[in-house]
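Structure, as structure tokens:
All values below were derived from every heavy atom in this structure, side-chain atoms included, with hydrogens, water molecules and symmetry-related copies excluded. Since we're looking at a predicted model, the values are computed, not measured.
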Protein chains: 4
Amino acid sequence: MITNKRDQILIATRDLIFEQGLQSISMAQIAQRAEVGMGTIYNYFASKEELVFHLYDAIKAAMSAYVLEGYDESQPVMARFLHLLTSVAVYGMQHPREFRLIEQLASVPFVQEMADPNAYALTAMMNQLFTEAQSQHLLKDLPPAVITLLISGALNALVEAHATQQVKLTDTLIEQTVAACWDAIKR
Amino acid sequence: MITNKRDQILIATRDLIFEQGLQSISMAQIAQRAEVGMGTIYNYFASKEELVFHLYDAIKAAMSAYVLEGYDESQPVMARFLHLLTSVAVYGMQHPREFRLIEQLASVPFVQEMADPNAYALTAMMNQLFTEAQSQHLLKDLPPAVITLLISGALNALVEAHATQQVKLTDTLIEQTVAACWDAIKR
Amino acid sequence: MITNKRDQILIATRDLIFEQGLQSISMAQIAQRAEVGMGTIYNYFASKEELVFHLYDAIKAAMSAYVLEGYDESQPVMARFLHLLTSVAVYGMQHPREFRLIEQLASVPFVQEMADPNAYALTAMMNQLFTEAQSQHLLKDLPPAVITLLISGALNALVEAHATQQVKLTDTLIEQTVAACWDAIKR
Amino acid sequence: MITNKRDQILIATRDLIFEQGLQSISMAQIAQRAEVGMGTIYNYFASKEELVFHLYDAIKAAMSAYVLEGYDESQPVMARFLHLLTSVAVYGMQHPREFRLIEQLASVPFVQEMADPNAYALTAMMNQLFTEAQSQHLLKDLPPAVITLLISGALNALVEAHATQQVKLTDTLIEQTVAACWDAIKR
DNA sequence: TATGAATGAGAATTCATTCAT
DNA sequence: AATGAATGAATTCTCATTCAT
């Protein structure tokens, strides 16, 4: 066997959620797509919820790692801002189904319950960055939480649109967008 | 009977979706909350999907009407921009469950399928505004679709956070946010 | 509808357990035998366990009522002994499937857990009778619990054999058996 | 390896049935408890039913052998009666889980089907004893089958109660009980 | 028009058994 | 002979929808 069953199952689940959304997919479908018996899924994951959460968790961790690769806390605020936003957008451009999956699953009740809010370094890093930026009076006089919301909201909407092929992301477009985000919040 | 059954059903559905999310609510729950027999729902709506879509459609139309109230196409671009964004945010501040419901339902496959993308004047108006603004060289050199995405994404994230009580919207905060959005896209 | 669905379900369940034993019957079988949709069962009973326990409980209560009909606590010990044992045996003779069902279900873990040990007057009455009999020095010097066990064990085995048609119970045979039981324990 | 796999499997099965009852144990549990691979079980037993039946059969044969040890057919009826009943009770006192297992399995449909009713010398011996006793007019005028039922029922109930620790069997208690059984049936 | 009991297809999950290693 | 991952039929339970009253 070249690919192992566990990975086949995870890939099948990812693709089906991407294509059809979470609520319409059944374990039978996953098994069929993964070319695996239904029981096999339960050898690796205790339940459908565990399977889906594992997928969410693994992808979020992978994206977090990708984005923080080369992130240098000693750089000035703006450089770090550019790094984080650009990396997120590039990750989304290169991994549209993973990105979309995170967005979709993040709002599902059982995923929220299972998720440890402190588990992902990326979120912490963004909050820290904005807090620091504001203490340096580089930003508008808005609560850091609001700034995070605006920036994330804008960026996610863009990447999401790329994932659904409403928009075609390019390096140039990402660069322009990140600049626009900075203009939005800079003092 | 003071309220008619149809409205009782719609209100019950709206509140249940807000409280529990779409996938966990059943027709039996809706009927019970609406104090109506299960069969009665089918006198007004052909299926669960039709009921939910109608709710989405009605709320979106109501929001669209609210936002476009007093919108004057003869005003300069920036005034119109301020009007639209401020109105959207104020609507969301005042009707959090309706706003959130639209956001939630917009990503549900069958709702997307049933929705006519041109049905809502608000979306059309925004697209028109940005197109016009760009032809006047007021905006950065980004595709109008991208501008719409960024602005809507940022604003929706904020109002959504208000609906889930992560953030408390105020008139001042709205004003600041709208200004930030303008800074993001202005040339 | 002449019989109501709830009773059809209970009867079907009783007969299937009698014929095949508890563990081999499925909800689908019950539904089919009761000429009812599977979902209908769940309109009346929350789960398979609740259905089975209800059956146990109802039959045990009915048997208890039958046996205690005309039981006179002011009668002398021996008369009461004869009444109780004879009534149990007669009930078993007339309702073999109900009797057997009680015996079978009594040893099923979840039934034991759900059952209130004090719920059935018959058990209490027997314990009381033997305790009283022994305080009058009418019985051999054995613990009342042991006496109850021996008598119940003997009688149940007999009725059970009648239910499975290994033996044919008659009024005469019952009379003789009850007398033998008395001889076993009398001083 | 000191103990062989086959015995490990049988012991694990016996203990699990004693602890949890037959229907709740799986082959996976048995394998785990026996510290054996699941496939290994199938090297020794063709199916779960065969495994369980073999267990029943082996224990029943062992008990039969124990009880008939020193049984002397030339002794008078009463001595033989005392021997048989006392031996059964003592066996049950010393091997509660084996005794209980026999009782539990005896009522399971597939065990009944697989069992050869004439296979166990003990049952045959009891029937023969009672038939002979009755031809000597030592017993009440009850069918031998009924006498066997009453005596076995009483005795089994007692030993079963010992196995579940509702009652504590002792040599004295056994002696008294066997005497009571004799009183029940003697003319 | 209003009702809610009845329905059965479809969902998640279990588990005895097989078979490649 | 020993293993345990893989299998899929069978099980319990849910729920959108229908229809007799």
Side-chain angles (χ1 to χ4, degrees), chain A residues 1 4-6 8-9 23-32 34-52, chain B residues 1 4-6 8-9 23-32 34-52, chain C residues 1 4-6 8-9 23-32 34-52, chain D residues 1 4-6 8-9 23-32 34-52:
Chain A
M1 209 176 310
N4 74 42
K5 305 263 175 189
R6 194 166 186 279
Q8 287 169 241
I9 293 165
Q23 73 255 73
S24 79
I25 70 172
S26 67
M27 292 301 258
Q29 260 184 296
I30 294 172
Q32 191 166 31
E35 292 179 309
V36 141
M38 286 200 23
T40 304
I41 301 177
Y42 289 88
N43 286 339
Y44 295 102
F45 304 97
S47 65
K48 192 184 183 186
E49 296 201 347
E50 279 228 348
L51 164 59
V52 170
Chain B
M1 211 173 308
N4 70 47
K5 307 256 175 194
R6 196 165 185 279
Q8 287 170 242
I9 293 165
Q23 75 252 67
S24 79
I25 69 171
S26 64
M27 292 300 259
Q29 260 185 296
I30 294 171
Q32 191 169 30
E35 291 177 312
V36 140
M38 288 196 28
T40 305
I41 300 177
Y42 288 88
N43 284 335
Y44 295 103
F45 304 97
S47 68
K48 193 185 182 186
E49 296 201 347
E50 281 230 345
L51 163 59
V52 170
Chain C
M1 209 176 310
N4 73 42
K5 306 260 175 191
R6 195 166 186 277
Q8 287 169 242
I9 293 165
Q23 73 256 69
S24 79
I25 71 173
S26 67
M27 292 301 258
Q29 260 184 297
I30 294 173
Q32 190 167 32
E35 291 178 309
V36 142
M38 286 200 23
T40 304
I41 301 177
Y42 289 89
N43 285 339
Y44 295 103
F45 304 98
S47 66
K48 193 184 182 186
E49 295 201 348
E50 279 227 350
L51 164 59
V52 170
Chain D
M1 210 174 308
N4 69 47
K5 306 256 175 196
R6 196 166 186 278
Q8 286 169 243
I9 293 165
Q23 75 254 66
S24 78
I25 69 172
S26 65
M27 293 300 259
Q29 260 184 296
I30 293 172
Q32 189 169 32
E35 291 176 313
V36 141
M38 289 198 27
T40 305
I41 300 177
Y42 288 88
N43 285 336
Y44 296 105
F45 305 97
S47 68
K48 193 185 183 188
E49 296 201 347
E50 280 231 347
L51 164 58
V52 170

Among the nucleotides dA6(E), dA2(F), dA16(F), which one has an atom lying closest to any side-chain atom of Lys5(C)? dA6(E)
Can you check the Tyr44(B) OH to dT17(F) P distance for me, whole Å? 18 Å
Given Watson-Crick or G-U pairs with both distances under 3.5 Å, what dot-bracket string fits DNA chain E, with | for other-strand pairs and [ ] for crossing? .||||||||||||||||||||
Any idea which of dC15(E), dA6(F), dA2(E) is nearest the Thr40(A) side chain? dA6(F)
Using a 4.0 Å heavy-atom cut-off, does Ile25(B) contact any base of the nucleic acid, only the sugar-phosphate backbone, or nothing at all? sugar-phosphate
Taking atom P of dA6(F) as reference, at what distance in whole Å does atom CD of Glu35(A) sit? 14 Å
CG-CE distance between Leu51(D) and Met27(D), expressed to the nearest 0.5 angstrom: 5.5 Å
Just checking Gln23(B): does its CD atom have more than 12 heavy atoms from other residues, nucleotides or ligands closer to it than 6.0 angstrom? yes
Quick one: pull up CD in Gln8(D) and CD1 in Ile30(D) and give me the separation to the nearest 0.5 Å. 13.5 Å
How long is the line joining CD1 of Ile30(A) and C1' of dT13(E), in whole Å? 13 Å
Return the CE to CD distance between Met38(A) and Gln32(A), rounded to the nearest 0.5 Å. 11.0 Å
For Ser47(A), is there any backbone N or O sitting under 3.5 Å from a side-chain donor or acceptor partner on Glu50(A)? no
Between atom CD in Gln32(A) and atom C1' in dG10(E), what is the gap in whole Å? 15 Å
Just how far, in rounded Å, is P of dA5(F) from CD1 of Ile9(A)? 13 Å
Shortest side-chain distance from Tyr42(D), nucleotide among dA1(F), dA6(F), dT18(E): dT18(E)
Taking atom C1' of dA12(E) as reference, at what distance in whole Å does atom CD of Gln23(A) sit? 16 Å
Distance-minimising heavy-atom pair for Ile25(A) and Lys48(A): O-NZ, 2.7 Å
More than 12 heavy atoms of other residues, nucleotides or ligands under 6.0 Å from CD of Gln29(A): yes or no? yes
Could you work out which one of dA2(F), dT3(E), dT13(E) sits closest to the side chain of Asn43(B)? dT3(E)
Side chain of Ser26(B): nearest nucleotide among dA5(E), dT3(F), dC15(F)? dC15(F)
Looking for any heavy atom pair under 4.0 Å, which part of the strands does Met27(D) touch: base, sugar-phosphate only, or nothing? base
So Phe45(A), base contact, sugar-phosphate only, or nothing? Heavy-atom distance under 4.0 Å. nothing
Pick the nucleotide of DNA chain E nearest each of Ala46(D) and Met38(B); which residue has the one closer to the 5' end? Met38(B)
Identify, between Ala28(B) and Lys48(C), the residue whose nearest nucleotide on DNA chain F lies closer to the 5' end. Lys48(C)
Take Val36(B) and Ser24(A), find for each the nucleotide of DNA chain E with the closest heavy atom, and name the residue whose nucleotide sits nearer the 5' end. Val36(B)
Please report, rounded to the nearest Å, how far the P atom of dT1(E) is from the CD atom of Gln8(B). 16 Å
Working to the nearest 0.5 angstrom, can you tell me the gap between Arg6(B) CZ and Thr40(B) OG1? 13.5 Å
With sugar-phosphate meaning primed atoms plus P, OP1 and OP2, does Ile41(A) contact a base, only sugar-phosphate, or nothing at under 4.0 Å between heavy atoms? nothing
